[in-house]
Amino acid sequence: MIADARVFQDTFLPDEIVHRNAELNRLSGIVQPVLEGNPAETACLFGPTGVGKTCCAQYALEQLRETTFDIETAYVNCWHNYNGYRVLYRLLEELNRTLDVHRQSTPKDELYDRLRQADTHPYVVILDEVDQLEDKDVLYDLYALPHVTMILIANDEQDLFSGLDDRLYSRLRGSECVKFDRYSDDELVSILESRVQRGLAEGAITREHLALIADAAAGDARVAIGVLRTAARQASYDGATELSRADIDAAIPEARSELRRKTLDQLIADQQLLYEIIDEHGEVAPGTLYEAYEHRCDGPKSRRMVRNYLSKMEHYNVIEADGEKRSRVYRVSEAAFGTTER
DNA sequence: ATTCCACGGGAAAGCATGGACC
DNA sequence: GGTCCATGCTTTCCCGTGGAAT
């Protein structure tokens, strides 16, 4: 029943972008000057998860590469590369300039110098989830390189700009912003249809069932495709030739928990334990939380370190903190896993 | 109204790591 | 092998804050 499983992967880049023509044209226009050897404005893409920001950015770079050889591009996810050093390292890595750079023993300045010297071609870089970056100063450094063009991706404009110091803010304020809205159900259905066409055998799923998935996904294409993938996988295990209503009904919560698990897997053990405790309590005060953590942990970290973990988890939208100082409570964030929408 | 103190978060110091250099 | 050095992670110290206790 599955003709091509790749089209259901999160990393899959389709040949054609559906329902994002306006945004894509806008973005292509912003980076266009690069083709004439001129510096382009920094582009900022904003919008909730699963609305095609990353997809459009990568597609736009793909288009550039089709036009000319004389351009370098890179994709950096700032969730994984969360400080200036790692971002610079990744950018050099994409240029194959890290041969004699040894991790941790080469100062950041030298990485930056190398990047500055690598200016034979324009370098267009995507910095995804840029709000996860700890020290935003690296954006300022990159901004100062005339051959580097940045495409910044973040969920929320306020979130990104509020954490910046003045000099960076004044520069990025002038950048070109492209906002992405949630997909409508109809748009989601046609996105799914284009994947189904390539990924599943003819007649494996009806349009009604796709509408069901779209409805459950609440405008998030990543969730929608995840549900489709989960349902198709199950139906395929069962040896069925088409997806049943039951497959889809089961896939909706399962895809959600898969998403949750993937997010939690990215946390370190201490953070996972903290999450577990918070989840069990529903709502928990900082003192109680630490005591429970201390009790259940082999080598508990200090209170201060736990505060670092918690604020990072809050930043990741895995947990929420409500209230200030002594009246603060922590709870798990449902919004991050698409359960509170609608 | 005043004091108390749990909390968050900044700064600095300590520790571990791993390559460079001798 | 030993020493040096930069970095990331962790702890220690500290201070301002605002809700709770008095």
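So you know, we letter chains A, B, ... as the sequences are listed, proteins then strands, and number each from 1.
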Taking side chain as C-beta onward, heavy atoms only, is A:Q271 less than 4.5 Å from A:Y275?
no
Any donor-acceptor pair under 3.5 Å from A:E41 side chain to A:I30 backbone
no
How many Å lie between OH on A:Y293 and P on B:dC7, as a whole number?
16 Å
Could you tell me the separation between the CD1 atom of A:I268 and the C1' atom of C:dT10, rounded to a whole number of Å?
11 Å
Starting from P on C:dT7, measure out to CG on A:L88 and report it in whole angstrom.
12 Å
Donor-acceptor pair, A:R26 side chain versus A:C177 backbone, under 3.5 Å?
yes
Could you check how far OH of A:Y89 sits from P of C:dA6, rounded to whole Å?
19 Å
Can you find a donor-acceptor N/O pair under 3.5 angstrom joining the side chain of A:R303 to the base of B:dG9?
no
Which whole-number value in Å describes the distance from A:M305 CE to B:dA13 C1'?
15 Å
Could you tell me the separation between the NE2 atom of A:H315 and the P atom of B:dG8, rounded to a whole number of Å?
17 Å
Without decimals, in angstroms, what is the distance between A:N308 CG and C:dG8 P?
15 Å
Given C:dT10, is OP1 or OP2 found less than 4.0 Å from the side-chain N or O atoms of A:Y309?
yes
Given DNA chain C, 5'-ward residue of the pair A:K312 and A:R307, judged by closest heavy atom
A:K312
Do other residues, nucleotides or ligands put more than 12 heavy atoms under 6.0 Å from the CD atom of A:E280?
yes
Let's test your reading of the model: under 3.5 Å, does the base of B:dG8 pair with the side chain of A:R304 as donor and acceptor?
no
Of the nucleotides C:dT10, B:dC7, C:dG19, which one has an atom closest to the side chain of A:S327?
C:dG19
Separation of B:dG9 C1' from A:E314 CD (nearest whole Å):
12 Å
A:E36 atom CD, over 12 foreign heavy atoms within 6.0 Å:
yes
Just to be sure I understand the rule, does A:R328 reach a base, reach only the sugar-phosphate, or reach nothing, if contact means heavy atoms closer than 4.0 Å?
sugar-phosphate
